[in-house]
Amino acid sequence: MALKGWKELPIGGVIDEPGKSREFKTGNWRVLRPVVNLDKCTHCMLCWLYCPDMAIEITVNEKGKPQMLGFNYDYCKGCGLCADVCPVHVIDMKPETEFLKD
Amino acid sequence: MLTNIDLKKAQAVTGAEAVANAMRQIEPHVVAAYPITPQTPIVEYFAKFVADGVVRTEMIPVESEHSAMSAVVGAASAGARAMTATSANGLALMHEIVYIAASLRLPIVMPVVNRALSGPINIHCDHSDAMAERDSGWIQLYAESNQEAYDLTILAVKLAENENVRLPVMVNLDGFIISHGVEPVEFLPDEKVKEFIGELKPVYPLLDTEHPVTYGPLDLYDYYFEHKRQQIEAMRYARKVFPKVAEEFYAISGRKYDFVEPYRMEDAEYVMVALGSTNSTIKYVVDWMREEGHKVGLLKIWMFRPFPKEQVQQYLNGRKAVVVLDRSTSFGAEAPLYEAVKSALYEASARPQMGSYVYGLGGRDILPEHIRQAFEDAIEGNLLADEQRYLGLRE
Ligand code: SF4
Ligand code: SF4
């Protein structure tokens, strides 16, 4: 997103449209990246419940059960809460530097 | 300014009553205030107007000045015309939100009844309260008399709400000297004031739910700087718009305001510069010394922020000497008005000699003899640009 100059911005730091926070990619604050081992995940949804940024991606299967899919790295800011609350410890927090080549 | 008052139409009132009547005529949607000496009578008079149903204003009696300023910020963001008034420590307690009000570009008008900041505690006049807010992003006007306090309060509304300005305005009036002193004041008819200020055209009102907006979001290194740049530009516009607003006010009142008021300046070689009510005493001394043949004059500063650098240069360039009187001090640096005037004259082609005089702290009386002394120093060539002197201080 190209940053606007002072002549183009609404005055007073006002945000003049609703829902603009979608454009604010907090993911680039991340130092540690959560990575899940879905083979061992029990789909208990605790991580989804606790994530402060709604960055856990899920779907609901044919049986009406929620399924953990992974993370939305545009908004996940790497706080590590999901890894902390996961009862089966299948979320690892890995340094972003490991993914630099991606 | 007294010369422009029609004494047949004038009423003898205190400055506080004059300002409260300006507020009655402005009839803001919201007034939130907390009483503090010597601002108290403004709020008392206004509360009576509310209680008597004279105005439809929503009056919020809050529990502190921090809350008073917070409430008017909330009201102004919602799209209301909002006012408050304060003094000294009340203003200091507001400081956090005073800065926010300007940063959010809310056109709040606030009479400040100037009083010394504690400590030790003192309730009398000086400008330390307003000077502590000089870099808060508010426009600052200073009144010499009760009439000016009334006029400037009305004029401030139009200046603050100008679409290119959108900045809050502090109308400074000297504690007790103006607020509690009785002088003749010529009130404008209510409908003329209402017509002059017009309807507020809110910008991004929170109550316009069809167009939802967010006030006060996080503003980090990526945008904060740009928002400060916009405020700097708004101050430039304030300088541009003020003469037009003053012109329109002249049309309804016959009283002409400007950035500065020159007094007996045509051939003046020795000029004093000051803020507020002391200008009346200086005018008296100028007349007295003129009778004796001294070429003395006065440049009264009406608008301190934005600072009218151009006008100061224009009036002071080429004079023999300039004496600046400050009713506040900046510990460890030059006094605020002196610093601004001296800095403006850096670019002058014919720089005058300069002298800085601090007076009247904590309400210490300033006498015509003190002012005469400072003029005499200037006439004798006995001024040092780097020396701060004191009027009425015991050694
Ligand atoms: S690290 Fe924090 S922000 Fe990212 S998915 Fe986990 S809980 Fe959400
Ligand atoms: S908390 Fe752990 S087990 Fe539960 S859904 Fe999230 S990753 Fe899977």
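Source: prediction; values computed, not measured. Letters A, B, ... mirror the listed sequences (proteins, then strands); counts begin at 1. Quick note: numbers below take in every heavy atom, side chains included, and nothing from hydrogens, waters or symmetry partners.
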Quick check: closest heavy atoms across G12(A) and L104(B), and the distance to 0.1 Å?
O-CD2, 3.5 Å
For chain A and chain B, what donor-acceptor pairs lie under 3.5 Å, backbone included?
residue	atom	partner	partner atom	Å
K4(A)	N	Y223(B)	OH	3.2
W6(A)	O	Q230(B)	NE2	2.8
L9(A)	O	Q230(B)	NE2	2.9
I15(A)	N	T214(B)	O	3.0
I15(A)	O	T214(B)	N	2.9

Just to be sure I understand the criterion: a residue of residues 67-76 of chain A counts if one of its heavy atoms is under 4.5 Å from a heavy atom of chain B. Which ones qualify?
none
Contacts of type side chain to side chain contact (heavy atoms under 4.5 Å, CB included), residue A156(B), not counting sequence neighbours
V109(B), L141(B), V169(B), V171(B)
Qualifying salt bridge (Lys or Arg N to Asp or Glu O under 4.0 Å) pairs, either residue in residues 60-70 of chain A, two or more places apart:
none
